[in-house]
Amino acid sequence: MTIDKALYHLKEYETTTGVVLSAESVAQLRKTFGAVLTLRPGPRETWDVTASSYVGHIELSDAIFHIRPKLKVETLWNWLTWAYDISSLRFQPPVMSVGELTGNSEWLVLFFIKECFAIWRKGLRAEYEQQEQAIGEVRGQLRVAPTLQKWMKQEYRFVCAYDEPTWQVKENKLLYAGIRHMVRKRYRNEEIGRELEKLLRLFESVEKGQMERVTLPVSVSEQVAELTRVRITRLNRQYARALSWLTLYWKMTQLSTHEGNIFCDSFILDMNELFERYIARRLEEGLRMYGIEVQTQPRYWLAEANRLRIIPDLILKNRSGREIVLDAKYKTRTERSGNPDVYQMLAYMTARSTSSGILLYAAGLERVDKIRNTDKKIYQWSLGIDEWTDRESQDERFERIVQHIVSMLEEK
């Protein structure tokens, strides 16, 4: 039986009124999506729903919320490809509208499937693991020390060790975990489900079904943590794109839940985090040629005895050790909103004992503040997303920011 669901459209930080929800949906929104949507009682048993900095799609048992970004689809796609290092697709948007990009995960899953089949055709990465068997069961290299120990105890049993190739490496396990999660979801394009089933059978055929019994991370946060620990080298370079797509998939579906009879599915993106990742990746690439290191979210302490922990977004450091603290702010800078950000930056600069700090806003007016009785300067810059007209203007703006940072670190 098909249940008609009310569809509500709203933008970032926008409020929609007159929303009708069941008690179960209200509880689920407050429990799982409290950071995404804020509920306030409205007239005649309705609700006023306000979005925050998340965009995407939330589906409950009786309602669907579609939260659209304020950005153009080209800008949002550009940020995604930089933030998740999908450089091969940097200038090839997969969809034509923001609604398609944030409405569901089908386009993302399609790219992931394509990369997984490409890896399969090239051959899954394998490693060698050491196994042990009695000499009567397998040929191999005699392990002298444990064998002599057994002889001394009059246990005349030969122990052999040998190297056996295995496809149960971390990269394959993570892809398999992603496929297993994706295959359980519903897709409007039925071909996606069939392709995922085909991939699942291929991976489960490895080592005669042993992939089914591998230990996999349980939660989405564990999956993302495992992905961040995979280091791309020449030996696993063919996995880079698939793992990038998988990281984005886990990030955008991590609030999905199916508890009891309550169905809830999501495909959402935290624009604050996306902006921070975009800035970090672009600065890493732009400053590398100048020998400037970009440290992402280093942990530090403002007070002695490791008290009052602080985590600035970025530390920019040149070869001589001189550094700049940078904090990315996904918002438009106004005179009213600037002071708390400046106080936060001043704490970062004090803890790091540096004289320069940059608050990089998405939009707004720029200014520089010299802090009284100190040598500290706080630069409030704007990425100017409200002024961009095309990709070239975005790149030019970022190049100016890179050159300004280089000149600041070179000053004596």
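Note that the structure is predicted; figures quoted are calculated from it, not measured.
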Going through the distances and angles, do Met271 and Val55 end up as a side chain to side chain contact (heavy atoms under 4.5 Å, CB included)?
CA-CA 7 Å; Met271 295 299 294; Val55 301; 3.8 Å; yes
Step by step, work out the side chain to side chain contact (heavy atoms under 4.5 Å, CB included) result for Met252 and Ile268.
CA-CA 5 Å; Met252 296 187 75; Ile268 61 174; over 6 Å; no
Would Arg194 and Glu197 count as a salt bridge (charged side-chain N to carboxylate O under 4.0 Å, His left out) if you check the C-alpha gap in whole Å, the side-chain angles of each, and the deciding distance to 0.1 Å?
CA-CA 5 Å; Arg194 290 192 289 269; Glu197 290 283 359; over 6 Å; no
Could you go through Lys251 and Glu273, starting from their C-alpha distance and side-chain angles, then the distance that decides it, and tell me whether this counts as salt bridge (charged side-chain N to carboxylate O under 4.0 Å, His left out)?
CA-CA 10 Å; Lys251 286 276 188 180; Glu273 182 190 27; 2.6 Å; yes
Run the side chain to side chain contact (heavy atoms under 4.5 Å, CB included) check on Ile358 and Ile378 step by step: do they pass?
CA-CA 6 Å; Ile358 300 171; Ile378 298 178; over 6 Å; no
Are Arg397 and Asp395 close enough, and set up right, to give a salt bridge (charged side-chain N to carboxylate O under 4.0 Å, His left out), and what steps lead you there?
CA-CA 5 Å; Arg397 187 71 170 237; Asp395 294 341; over 6 Å; no
Output, in order, the C-alpha distance, side-chain angles, deciding distance and verdict of side chain to side chain donor-acceptor pair (under 3.5 Å) for Ser53 and Asn272.
CA-CA 7 Å; Ser53 64; Asn272 283 318; 2.9 Å; yes
Applying salt bridge (charged side-chain N to carboxylate O under 4.0 Å, His left out), run through Glu59 and Arg186 and close with a yes or a no.
CA-CA 12 Å; Glu59 183 173 354; Arg186 300 175 302 175; 3.1 Å; yes
Please report the C-alpha distance between Tyr278 and Tyr330 in whole Å, then the side-chain angles of each, then the deciding distance to 0.1 Å, and finally whether the side chain to side chain contact (heavy atoms under 4.5 Å, CB included) criterion is met.
CA-CA 11 Å; Tyr278 167 69; Tyr330 178 66; over 6 Å; no
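Of all the heavy atoms in Asn104 and Phe267, the pair that sits closest is O-CE2, 3.1 Å. Residues Ala242 and Glu115 come closest through the heavy atom pair CB-CB, 3.7 Å. Of all heavy-atom pairs spanning Cys116 and Leu199, the tightest one is CB-CD1, 3.7 Å. Residues Val402 and Gly286 come closest through the heavy atom pair CG1-O, 3.7 Å. Smallest separation of non-hydrogen atoms from Leu235 and Gln238: O-OE1, 3.7 Å. Closest non-hydrogen pair, Ser61 versus Ser25, comes out as OG-OG, 3.7 Å.
In the model, Tyr348 has no side-chain atom that pairs as donor or acceptor with a side-chain atom of Arg352 under 3.5 Å. No hydrogens or angles considered: nothing links the side chains of Asp48 and Thr17 as a donor-acceptor pair under 3.5 Å. With no hydrogens or angles considered, a side-chain donor-acceptor pair links Glu171 and Asn236 at under 3.5 Å. Inspection of the Asp62 and Ser22 side chains reveals an N or O donor paired with an N or O acceptor under 3.5 Å. Side-chain contact annotation: Thr102 with His66, donor-acceptor N/O pair under 3.5 Å present. In this structure, a donor-acceptor pair under 3.5 Å is absent between the side chains of Tyr187 and Glu195. Side chains of Tyr379 and His404: a donor-acceptor N/O pair is absent below 3.5 angstrom, by distance only. Side-chain contact, Thr38 with Thr50: no donor N or O sits under 3.5 Å from an acceptor N or O. No hydrogens or angles considered: nothing links the side chains of Glu24 and Gln28 as a donor-acceptor pair under 3.5 Å. Side-chain polar atoms of Asp341 and Tyr361 form a donor-acceptor pair below 3.5 angstrom. Side chains of Lys329 and Gln380: a donor-acceptor N/O pair is absent below 3.5 angstrom, by distance only.
Here Trp82 and Trp77 keep their ring centres 6.0 angstrom or further from each other. No close placement of the Phe65 and His9 rings is indicated, their centers lying 6.0 Å or farther apart. Ring centroid separation for the pair Trp79 and Phe275 comes in under the 6.0 Å cut-off.
Between Asn318 and Val406 there is no side-chain heavy-atom pair separated by less than 4.5 Å. Between Asp327 and Met345 there is a side-chain heavy-atom pair separated by less than 4.5 Å. In this structure, the side chains of Glu276 and Arg281 stay at 4.5 Å or more apart for every pair of heavy atoms. Within the 4.5 Å cutoff, the side chain of Thr15 has no heavy atoms near those of the Leu10 side chain. Using a 4.5 Å heavy-atom threshold, the side chains of Ile292 and Leu283 count as separate. His181 is listed as a side-chain neighbour of Thr253, based on a closest heavy-atom distance under 4.5 Å. Residues Ile64 and Tyr8 are not in side-chain contact: their nearest non-hydrogen atoms beyond the backbone lie 4.5 Å or more apart. The closest side-chain heavy-atom distance from Phe112 to Met182 is below 4.5 Å.
Under the 3.5 Å distance criterion, the side-chain polar atoms of Thr296 are left unmatched by any main-chain donor or acceptor of Leu314. Of the possible donor and acceptor atoms, none in the side chain of Thr75 sits under 3.5 Å from a partner among the backbone N and O of Leu71.
No more than 12 heavy atoms of other residues, nucleotides or ligands shown are found within 6.0 angstrom of CG on Leu365. The neighbour count for Arg229 CZ, taken as heavy atoms of other residues, nucleotides or ligands under 6.0 Å away, is above 12. Counting heavy atoms of neighbouring residues, nucleotides and ligands inside a 6.0 Å radius, atom NZ of Lys377 does not exceed 12 of them. Applying the 6.0 Å contact sphere to CD of Glu392 captures more than 12 heavy atoms from other residues, nucleotides or ligands. For Glu191, the CD atom is densely surrounded, since the number of other residues' heavy atoms within 6.0 Å is greater than 12.
A cation-pi arrangement is absent between Arg309 and Tyr300 under the rule of less than 6.0 angstrom and at most 45 degrees off the ring axis. Figure legend: cation-pi geometry between Arg125 and Tyr239 absent, as NZ or CZ is not positioned both under 6.0 Å from the six-membered ring centre and within 45° of its axis.
Classification of the Phe111-Trp245 ring pair by plane angle, with boundaries at 30° and 60°, yields parallel.
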